[in-house]
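Presented below is the structure to which this report refers.
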Amino acid sequence: MNRIGDYEGNLLNHIEALYRPGERDLALALVEALGCSVSDTGFSGDGPESFLAIHPNPADPDIRNNAFYISPMRPEQQALEASLARLASDDEELRAALEGYRGAARTLPFGVSHFGLRYASEDALVAAVDKVRETLSERLGGRLHVRVFDPRQGERSGAQVVQAFVYQDVIVSGSFTYGQLIELQGQPH
Ligand SMILES: [Fe+2]
């Protein structure tokens, strides 16, 4: 099977994700560092910028399948995120809970919600990890954390494959306050 659109069974076909208003270029830099290609769908819904389809397999840029979409966070979520930030700055318990969650996401990501990208080889995964670090570490500072688990090194891992967890708050399919983990898996053939 060379084209995902040729597959006739049911499959998980897309993830809807967001970036912060004003951070479209930053979101593009992240997906490009991850090795994905980008199609502009031309559809903007009720938002000010078009939805971009992000393709983990640049050789098969199917806009409907095997893609995640990014578009700007809508006003309703902006209001919610602003309220959470305000409450967290005033409430020590909430602030501590958020820090606890973020600490777990950085160090023990297996039970923290995320989505995953498969790479065709371990080398391809390592190249993506290196590029994310090279191109975004300085720009994002504390907003980016990358953790690599290699089962051959005796590390606690959920699978017999090399996994890298990229924790960031540039692209989320949920809450910018919580941040988003993206798992990268290198699966040998
Ligand atoms: Fe996972």
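We count ligands from 1, going down the list as the structure has it; atoms in each ligand are counted the same way.
Partner of H55 under the side-chain contact (heavy atoms from CB on, under 4.5 Å) criterion, out of N66, I63, I4, N65: I63 alone.
Inter-residue side-chain proximity for L181 and V166 is flagged as unmet; no heavy-atom pair is nearer than 4.5 Å.
For the Fe ion (ligand 1), the nearby protein N/O/S atoms, meaning those under 2.8 Å, are H114 NE2, E183 OE1.
Considering NE2 of H114 and CD of E183, their distance stands at 4.0 Å, rounded to 0.5 Å. Distance check, rounded to the nearest 0.5 Å: CG of L80 to OG of S175 gives 7.0 Å.
R24 and Y19 share a donor-acceptor pair across their side chains, judged by distance under 3.5 Å alone.
Sorted by first and then second residue, the pairs that involve residues 67-89 and meet ring-ring contact (aromatic ring centres under 6.0 Å, His included), not counting sequence neighbours, are H14-Y69, F68-F115.
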